[in-house]
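This report concerns only the one structure given below.
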Amino acid sequence: MKEQTTRAMWWRSPSFILDNRQQQPNDTARGDALSIPLSSPLPPSTTMADPNPNPNPNPLTDKISAYYQTRAAHHGVVSSDWLAQAQAAVGHLPEADDDASNNDQGAPSGKPFSVIDEFNNWRKQPDLAEAVAAIRALAAVIRNSQATTMMELEIELKKASDSLKSWDTTSISLTAGCDLFMRYVTRTSALEYEDFNSAKTRLIERAEKFGEISYKARKIIAMLSQDFIFDGCTILVHGFSRVVLEVLKTAAQSKKLFRVFCTEGRPDRTGLRLSNELAKLDVPVKLLIDSAVAYSMDEVDMVFVGADGVVESGGIINMMGTYQIALVAHSMNKPVYVAAESYKFARLYPLDQKDMGPALRPIEFGVPIPSKVEVETSARDYTPPQYLTLLFTDLGVLTPSVVSDELIQLYL
Amino acid sequence: MDARRGSLPVPRVRQVGFFTPNAQPAPTRSQSGPPDSSSPPLSDSPASNSLSPVMIPPPRHHSDNLAAAPRPTSPLPVPEPSPFRRRGADNNNALLVGSYNPAETLLAMSPSSSHVGDGESEETMSGGWFRRSNSGKLASSLPSGTFDFSPVQSTAEALKPNKVQNPVGISEVSARPAPKEQQPEAPSSSKQPKPKLTKAERRALQESQRAAKAAAKAPGGGKSVAAPEEVATIKSVKQHQTQKKDAPQVAVSVAASERKGGDKSQEKERRKDAPAPRMQFDDKSRVEKAKRRSVVDQTEAKKRVELFRHLPQYEHGTQLADLESKFLQLDPMHPAIYKVGLQYLAGDISGGNARCIAMLQAFQQVVKDYSTPPEKTLPRDLTAKISSYVSFFTQCRPLSMSMGNAIRFLKNRIAKLSPSLSESESKSSICTDIDRFINEKIVLADRVIVQHASSKVKDGDVLLVYGSSCVVEMVLLHSHELGKQFRVIVVDSRPKLEGKALLRRLVAKGVHCTYTHINAVSYVMHEVTKVFLGASSVLSNGTVYSRVGTACVAMVAHAFRVPVIICCEAYKFHERVQLDSICSNELGDPDAIGKVPGRMDVNYLNDVSNSGNLQLLNLMYDATPADYVSMIVTDYGMIPPTSVPVIVREYRRDHLLI
């Protein structure tokens, strides 16, 4: 059975194990989570959902951003405590199973189809971004819907997208992708004049088109950015972004000569992974520790970063450290380029760093930290638009101010 | 980096806001070779002239001209800079003295001119040759031709040559036609069709003409007459110089049409799509005309502040009694209009939204009581009526930009009325339109803004507000009702002290408040976490036009890295661009800043207030540049100031149509 295999695969992923570790102290929260009508058979989704739809009884608990867990699962980062946690998690498998069965009973309408299933199916493809998986899953919702009126279908779709969004509220691209999908697909005036079936096919058409666009976004961005990478340039990258990797890969394949500085990307060392990938492509790579950015900035010709989310001001929310790199680059007059797919455009407007929903991530220091010492575990920061030069998106190469233009056109 | 990637194609980048339509940089003026005598000069001028002065005109193609011109004699005129500059200096002197030799300069500067003339005697001939062929193009390079030749001109001329010659990049071509244009040969150009003028150009033109006329009338006459005119000329000089920088072609058109005085029909056409020009109060004849029409009897201030002569400056406190006495005459004015006008005048209604709503409701009353006079149609007559009411309001107090938008909406609705509707139907349709405007654009918009803005208020915040904006007050009260724990610092300023009323209302609701004057803003700013400000209008370059002092608060906040949030309804957005708070502003009662009510001991100005060298300036508004604004909260959501033109572009249409 498909579900069965899904679960089996999922158990092996580190994020699942991380979840399990979390489940232990957080039993009350999980109880809440169970009451949510999520149809997912997967324990991670239940726990991940808990911080948001319900008031978290203890907001100070060390919760971990689901977004980063997913990324960790995709990127297969194996850390030392991963193994330990994996070991510890083995004992809790039956319990997780119970959760799953409970959840199945609480599925929204008792239908065999569920968005979360579909979403997780898509999500397992390593190259598929979370938002694209969500978009595909939502398209499947339309296809499998038994609604007979437009209104019904829209409500169903809304429900599905809400449950997807609550699956992981820390992921900006997931929320933004769902919202954009809803806007793009349902906002067509032609729907009002057609009978239901043709309207539905039109919706499916649009949904598939949107999925296609989102899927191809990375390739488009890679193509667009080639004009900006010139022979002999030095590119500084931060974190591991699949789009940036695609950009660099395309540049390397088109025989451009450039070298890349990779930051280490603490705490999950995503930079190491990127440097690995680049070394495979025979691109000269130099690895920097995160604090060596200013030191080596004078050699750098441009900074390339990805983004977790692009916000309405035109700024980006990205892995911790992006802001300081952008500041250094700005003060040395180096261009900062952001590669981000348009489904990451979110209707958010952070005014400063603290004006965002927190996404936390554990940090290992290698040595025990005294309990009195506080650790900043925030996983991402906000880079204001004035420090960004250009955004490469599948809509074209944009200045930061156009982001708001696009969002206004889409949402209003 | 740029040097290294020089050969790469420049990728296309999308931008919002102001940018040149073409990717090419500035017009390559140095390329303009000797123009072909056979080609009509206006081939490309109408298009380029219709460009707004803000935009950099697209480069013009002279390749055909170059091809037609004799090759050997006209290599591209790129001489070594040093001789050229020296010659330019010579030319300078010549211009000043008024005895320059055009042939000489022509000969010296461009090889192409060699075949035109070889002595002083060719002056007339070359003039004809040149003028006929290229008055459109050549004059474009130099604004000097835009002046008529009057004694007053000398000052302008004296100023100009330096400005013209110094930028070598403009190259000699720009300098060459100068002497030609100076020659009084106006008739030769009369045959050419007039290029289109923009509003600014027209005004410049009129001003210079007027200046010339006045100067001719009283050459060196009474100082009182001459002084303002001189100001006007100098201003027009300034205008031309800026135009030269931006759009040389525009200057041509002024030059060309000046000789003839402008084409009536084209001007009319243009007037349709151009927004109504603001009255310039340094324009004597117009002020006279307006005065004759006006209901309100206003005495002009005796001492007008020099820099702000273009704004109405009246003695305060005299009009109200006068108007009140006229109340029973009620000649052309509807009583509702009269009442609102009096309220504006007395200051009983203030605040952009309140004024706008009062005006719209008065109009609604007018429409209800309206009956079409015989042999007239409702749309035309009503529009005319409303226009006269608007001018009455303007005399009571200058309109805010939001009111201008509302009036535009109303007139648009009236104009779009279907002719098949009966009178009562169209009246009721207009009334419902007005109601909808008030409801959707102001009341509901405010509610949405409050929703958005209060989402940004967090526990523990210290919010700074300036003056008294009704939306900001609603935001504060709503956040307070939501149970958020925050503190408010109300910053106020003399002479209006509007903050006190706000403070009273906030304290009554139990909000924790601090009250201070704007002098202390840099002291309190360090504890502030967010600044909330209202706006009278937001212009399309993101400039926030608001109560005077707002810019100061915003700049201090910016310096302290405190986010500045502007709350403004989208109907107050305006497509105009304004860079300073001088060209459009409102002047309050100058006595208000000279005296402190209730403080008899502060009387330092009592005896000097009549002295001639004291001018009191009480500005009402100022312009905050977009750089100091972090976010604008409107009914369309939270947007960066760069997105104001997007809203204006996307919603202006349905804003007018609803």
Side-chain angles (χ1 to χ4, degrees), chain A residues 223-235 256-258 298-303 311-315 329 332-335 337 347-356 382 384-386 389-393 395-412, chain B residues 1-19 448 452-453 455-461 529-532 541-542 557-558 561-565 570 626-651 654:
Chain A
M223 232 165 54
L224 284 173
S225 54
Q226 292 312 302
D227 281 346
F228 291 80
I229 298 176
F230 50 92
D231 275 344
C233 70
T234 305
I235 304 171
K256 294 209 170 167
L257 301 173
F258 60 96
D298 57 346
E299 290 175 65
V300 169
D301 290 309
M302 65 188 78
V303 177
V311 297
E312 196 151 6
S313 62
M332 297 204 188
N333 283 334
K334 310 286 183 186
Y337 298 135
R347 288 218 86 188
L348 293 172
Y349 203 128
L351 286 167
D352 49 36
Q353 300 299 326
K354 305 292 178 311
D355 196 11
M356 301 183 282
Y382 163 62
Q386 61 261 37
T389 313
L390 289 173
L391 294 135
F392 300 139
T393 74
L395 307 172
V397 181
L398 314 178
T399 56
S401 54
V402 184
V403 174
S404 156
D405 188 345
E406 293 293 338
L407 279 169
I408 288 171
Q409 285 187 22
L410 210 67
Y411 278 100
L412 296 173
Chain B
M1 184 206 122
D2 277 355
R4 273 198 265 173
R5 50 175 298 198
S7 61
L8 281 163
V10 179
R12 285 183 48 180
V13 175
R14 290 179 52 197
Q15 290 177 305
V16 175
F18 301 99
F19 53 92
V448 176
H452 283 298
S455 75
K456 285 292 166 196
V457 179
K458 303 265 154 57
D459 279 350
D461 264 351
T529 56
K530 270 158 205 139
V531 174
F532 277 93
N541 56 348
H558 181 79
R561 299 261 154 206
V562 178
V564 176
I565 300 164
D627 304 348
Y628 303 112
V629 178
S630 321
M631 173 202 277
I632 297 174
V633 186
T634 88
D635 28 337
Y636 297 112
M638 297 181 275
I639 58 166
T642 48
S643 288
V644 174
V646 181
I647 298 275
V648 171
R649 156 162 57 83
E650 295 288 312
Y651 299 102
D654 68 66

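Lettering of chains follows the sequences in order, A, B, ..., and the numbering in each one begins at 1. Source: prediction; values computed, not measured.
- Atom-to-atom distance recorded for A/Asp405:CG and B/Ser643:OG is 6.5 Å, nearest 0.5 angstrom.
- Annotation: the span from A/Ser404 atom OG to B/Met638 atom CE amounts to 11.5 Å, rounded to 0.5 Å.
- The line from CZ of A/Arg347 to CD1 of B/Ile639 is 9.5 Å long, rounded to the nearest 0.5 Å.
- Of the inter-residue distances, the one linking A/Leu351 atom CG with B/Thr529 atom OG1 reads 10.0 Å to the nearest 0.5 angstrom.
- Residues A/Tyr349 and B/Pro641 come closest through the heavy atom pair OH-CD, 4.5 Å.
- One finds a salt bridge joining B/Lys458 and A/Asp355 here, because a Lys/Arg side-chain nitrogen approaches an Asp/Glu carboxylate oxygen to under 4.0 Å.
- Heavy-atom distances place no part of A/Pro385 under 4.5 Å from chain B, backbone and side chain included.
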